Amino acid sequence: MITTELTYGDLAALIKKSAGVTVAAEQLAESPETPFSGLGVDSLGLLGIVGELENEHGVALPTDAERCKTPAEFVALVNNTLAGV
């Protein structure tokens, strides 16, 4: 999984594991501004992804992480957080 940077491949795996939705990493990379809702990921699913990241890596994400609307926004937030650790 991730060490210092979350990739769209990592996010696709987390979406499947935590939200139960299969999304191709290529789809996320090609259309990172597609809303999570358009991918079938609801706010509870995103909360699960945030929790999984925090548990696996021992890093607290900002409280607004579960409010991200798109994969691009979420990846940027996570990577900025990881860069500051």
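Just so you know, these numbers come straight off a predicted model, no measurement behind them.
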Closest contact, heavy atoms only, [X] versus [Y]:
X	Y	result
Phe36	Cys68	CD1-O, 3.6 Å
Leu14	Glu52	CD2-CG, 3.6 Å
Pro32	Pro71	O-CD, 3.3 Å
Ala12	Ala24	CB-C, 4.3 Å

Within the structure provided, determine whether [X] and [Y] are in side-chain contact (heavy-atom separation under 4.5 Å).
X	Y	answer
Thr34	Leu28	no
Glu5	Val78	no
Leu6	Phe74	yes
Leu77	Pro62	yes

Path from Leu47 to Leu11 over hydrophobic side-chain contacts below 4.5 Å
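No.
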
Rounding to 0.5 Å, atoms CD1 (Ile15) and CD (Gln27) come to a distance of 9.0 Å

Quick one, Leu39 with Val21, criterion side chain to side chain contact (heavy atoms under 4.5 Å, CB included). Give me CA distance, side-chain angles, the key distance, then yes/no.
CA-CA 8 Å; Leu39 299 170; Val21 177; 5.5 Å; no

Carboxylate-amine/guanidinium proximity below 4.0 Å for Glu73 and Arg67
no

Only one of Leu53, Leu46, Val41, Ile49 clears side-chain contact (heavy atoms from CB on, under 4.5 Å) with Ser18; which?
Ile49

Counting distance only, does the side-chain N/O of Glu54 pair as donor-acceptor with the main-chain N or O of Leu61 below 3.5 Å?
yes

